[in-house]
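Right, one structure below, let's go through it.
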Amino acid sequence: MGVMTVSGLDVVSGIFTVPRLGVPVALVRLALSSSEVPKFAVGDAVTVTLELDGVQSRWAMTCVRLGQDAGAWRALVVGGAGRTAHVLEPKYYQQAPAALVFSDACREAGETPNVGDGLDIQLVRWIRPRMACWEALEVLRQRLGPRYAWRVLPSGQLWMGLEKPISYPRENDLDWSEDDPATARIEFRLTPDLLPGQLLSGSLVEEVLHWVGPRLRTEVVLGPWSA
């Protein structure tokens, strides 16, 4: 099995972007000849696996684009059910917990909600205009405050709640030689289990980018955090 697979198919090259706010996206080239056909299609649920040196992460995702380009099979997969761009109809709430507003948006779009801490806040009056699911979630997050976040988890569930970061458990194993303090961007050898929302040397992981190809690597974008 390769370092990265999509429902068991090896990936020749690709980039897997995992943001702290939003939806993971992977654009990959599959290890198939032009005469072969992938065993999944657009709209299918897929499992994306990253594994190196016994460290693994598995992601429940959905294929949203699949086709041949110059004889190579390429796929675009997104976290969860791939429905955060679905446009929601207007809705009005009065004396409703934020958890209900969040869960309704997820379910109406076709995503599975995961309610985190801090969503018991009562919204005296909340109007959701006609907008995409992800826009509705972002508006709600901004209303709740900067300590809140929303993102798709490896399980495929759409989570929102208070950000409570913990330190990346294998931080001492990382090679910190490749970094750029000017942009708060750090590069490591491919690190499959590094997630946004964790802490590295006291800074918050804002985005993780896994690169698969001739040079395996993980790029991390860091932001400030104070407990």
(request) Provide the closest heavy-atom pair for L195 versus P154 in the form atom of the first, atom of the second, distance. (result) CD2-CG, 4.4 Å
(request) Report the residues that fulfil side-chain hydrogen bond (donor to acceptor under 3.5 Å, both in side chains) with T17, sequence neighbours left out, ordered by chain and then residue number. (result) none
(message) Could you check whether any side-chain N or O of Q157 sits under 3.5 Å from a backbone N or O of V152, counting only pairs where one atom can act as donor and the other as acceptor?
(response) no
(message) Under a 4.0 Å threshold between the charged nitrogen and the carboxylate oxygen, would E206 count as salt-bridged to R20?
(response) yes
(message) Among residues at least two apart in sequence or on other chains, which ones pass side-chain hydrogen bond (donor to acceptor under 3.5 Å, both in side chains) with K39?
(response) none
(message) I need the minimum non-hydrogen distance between V37 and L32, along with the two atoms involved.
(response) C-CD1, 4.1 Å
(request) Provide the closest heavy-atom pair for V55 versus P192 in the form atom of the first, atom of the second, distance. (result) O-CG, 3.5 Å
(message) Any carboxylate oxygen within less than 4.0 angstrom of a Lys/Arg side-chain nitrogen, looking at E187 and R185?
(response) no
(request) Tell me, please, which residues at least two apart from W59 pass ring-ring contact (aromatic ring centres under 6.0 Å, His included). (result) F16
(message) Quick test of your reading: applying salt bridge (Lys or Arg N to Asp or Glu O under 4.0 Å), list the pairs with at least one residue in residues 56-82, sequence neighbours left out, ordered by first then second residue.
(response) D69-R74
(message) With salt bridge (Lys or Arg N to Asp or Glu O under 4.0 Å) as the test, pick out the partner of R130 among E108, E89, E135.
(response) E89
(request) Decide, yes or no, whether a salt bridge links D104 with R128 under the criterion of side-chain N to carboxylate O below 4.0 Å. (result) no
(message) I need the full list of salt bridge (Lys or Arg N to Asp or Glu O under 4.0 Å) pairs touching residues 191-200, with sequence neighbours left out, sorted by first then second residue.
(response) R170-D193
(request) For S7 and T47, indicate whether the former's side chain and the latter's backbone hold a donor-acceptor pair under 3.5 Å. (result) yes
(message) I'd like to know whether E111 forms a side-chain contact (heavy atoms from CB on, under 4.5 Å) with W134, so could you lay out the CA-CA distance, the side-chain angles of the two residues, the decisive distance to 0.1 Å, and finally the verdict.
(response) CA-CA 11 Å; E111 298 284 354; W134 71 265; over 6 Å; no
(request) Tell me, please, which residues at least two apart from R29 pass side-chain hydrogen bond (donor to acceptor under 3.5 Å, both in side chains). (result) none
(message) Test your reading of the model: is there a side-chain donor-acceptor pair from T191 to the backbone of R189, 3.5 Å cut-off?
(response) yes
(request) Would you sort out whether V205 and L199 count as a side-chain contact (heavy atoms from CB on, under 4.5 Å), showing the intermediate values? (result) CA-CA 6 Å; V205 176; L199 292 174; over 6 Å; no
(request) Could you pull out the closest heavy-atom pair between V18 and P24, with the gap in Å? (result) CG1-CG, 4.3 Å
(request) Work out which heavy atom in D117 is nearest to a heavy atom in Y148; give both atom names and the distance. (result) O-CE2, 4.2 Å
(request) For the pair W73 (side chain) and E36 (backbone), establish whether a donor and an acceptor sit closer than 3.5 Å, ignoring hydrogens and angles. (result) yes
(message) Just by distance, no angles: are the side chains of S35 and S33 close enough, under 3.5 Å, to form a donor-acceptor pair?
(response) yes
(request) Answer yes or no: is there a donor N or O on one side and an acceptor on the other, between the side chain of T62 and the main chain of G80, under 3.5 Å? (result) yes
(message) Please find the pair of heavy atoms, one from Q198 and one from P169, that lie closest to each other, and give the distance.
(response) NE2-CD, 4.2 Å
